[in-house]
Amino acid sequence: DSSLGGAGPVTPRARKILRWIAAFVVVPLVVGAALVWYGLSSDSVARRLIRLGLDKAGNSVRIGSISGSLGGPLTLRGITYHSPLVTATVDSAVLEWTPTGLIRRQVKIDRLRVDGVHIVLPDSTPRDTSTKKTPPHLPLDVVLGDVRAEHITGDAPRQVRVLDGAVRL
């Protein structure tokens, strides 16, 4: 058939080259995509990665329970943070985000709901906090969608109190 523009039958050598391309290019891409999909949709992977991050952060942050996947929604309950400057607890936080934003170097938070925040400031500030600290530089842009924090309470020195506050961005 001359409609193929003179292309003849596929030679055994060409088939071998195509098999090598499939083996070393296509198969790793498919396996990689499957692993990423599994990681984003697995509850156990989410728990392991968050626990690994908490282990690296030391004992300042603790999370009571984790449910859901990294692909969302992800629910954290019983979050506590303690430092010499502040103690904070959060009853629950629900996160939904767009993982594909990472391709564009963005952490795109579509929805974040935080409920039951309690913040306590100490009566005195530790001496070592007067050193000037540089603000963190994030390697990614953070894009916020619907962010809400409700039932916020706080205690500070000199009888300063916040009762049942809320924030919406």
So, taking the atom named [atom1] in [X] and the one named [atom2] in [Y], what distance separates them when rounded to the nearest 0.5 Å?
X	Y	atom1	atom2	result
Ile66	Arg51	CD1	CZ	4.0 Å
Leu163	Ile152	CG	CD1	12.0 Å
Asp123	Arg158	CG	CZ	9.5 Å
Ile103	Thr98	CD1	OG1	11.0 Å
Arg13	Lys16	CZ	NZ	8.5 Å

Arg62, CZ atom: more than 12 neighbouring heavy atoms under 6.0 Å |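 Not buried by this count: 12 neighbours or fewer within 6.0 Å.
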
ILVMFWY cluster, [X] and [Y] together (side-chain gap under 4.5 Å):
X	Y	result
Leu49	Leu76	yes
Leu169	Trp97	yes
Val162	Ile119	no
Val86	Leu54	yes
Tyr81	Ile50	yes

Quick one: salt bridge (charged side-chain N to carboxylate O under 4.0 Å, His left out) partners of Asp146, sequence neighbours excluded?
-> Arg113, Arg148, Arg168

Would you please name every residue forming a salt bridge (charged side-chain N to carboxylate O under 4.0 Å, His left out) with Glu150, sequence neighbours left out?
-> none

Would you say the side chain of Val142 lies within less than 4.5 Å of the side chain of Gln106, judging by non-hydrogen atoms?
->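 A side-chain contact is absent here, since even the closest heavy-atom pair is not under 4.5 Å.
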
Closest heavy-atom contact between [X] and [Y]?
X	Y	answer
Ala46	Leu74	CB-CD1, 4.1 Å
Pro73	Glu96	CB-CG, 3.6 Å
His151	Asp164	CD2-OD1, 3.1 Å
Pro122	Pro157	O-CG, 3.0 Å

Side-chain donor-acceptor contact under 3.5 Å, His118 with Asp91 | no

Any luck finding a side-chain donor-acceptor pair between Ser92 and Asp115 under 3.5 Å?
->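 No, because no side-chain N or O of Ser92 sits under 3.5 Å from a partner of the opposite role on Asp115.
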
Transitive ILVMFWY cluster of Trp20, excluding itself - 4.5 Å side-chain cut-off =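 Its cluster partners, ordered by chain and number, are Phe24.
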
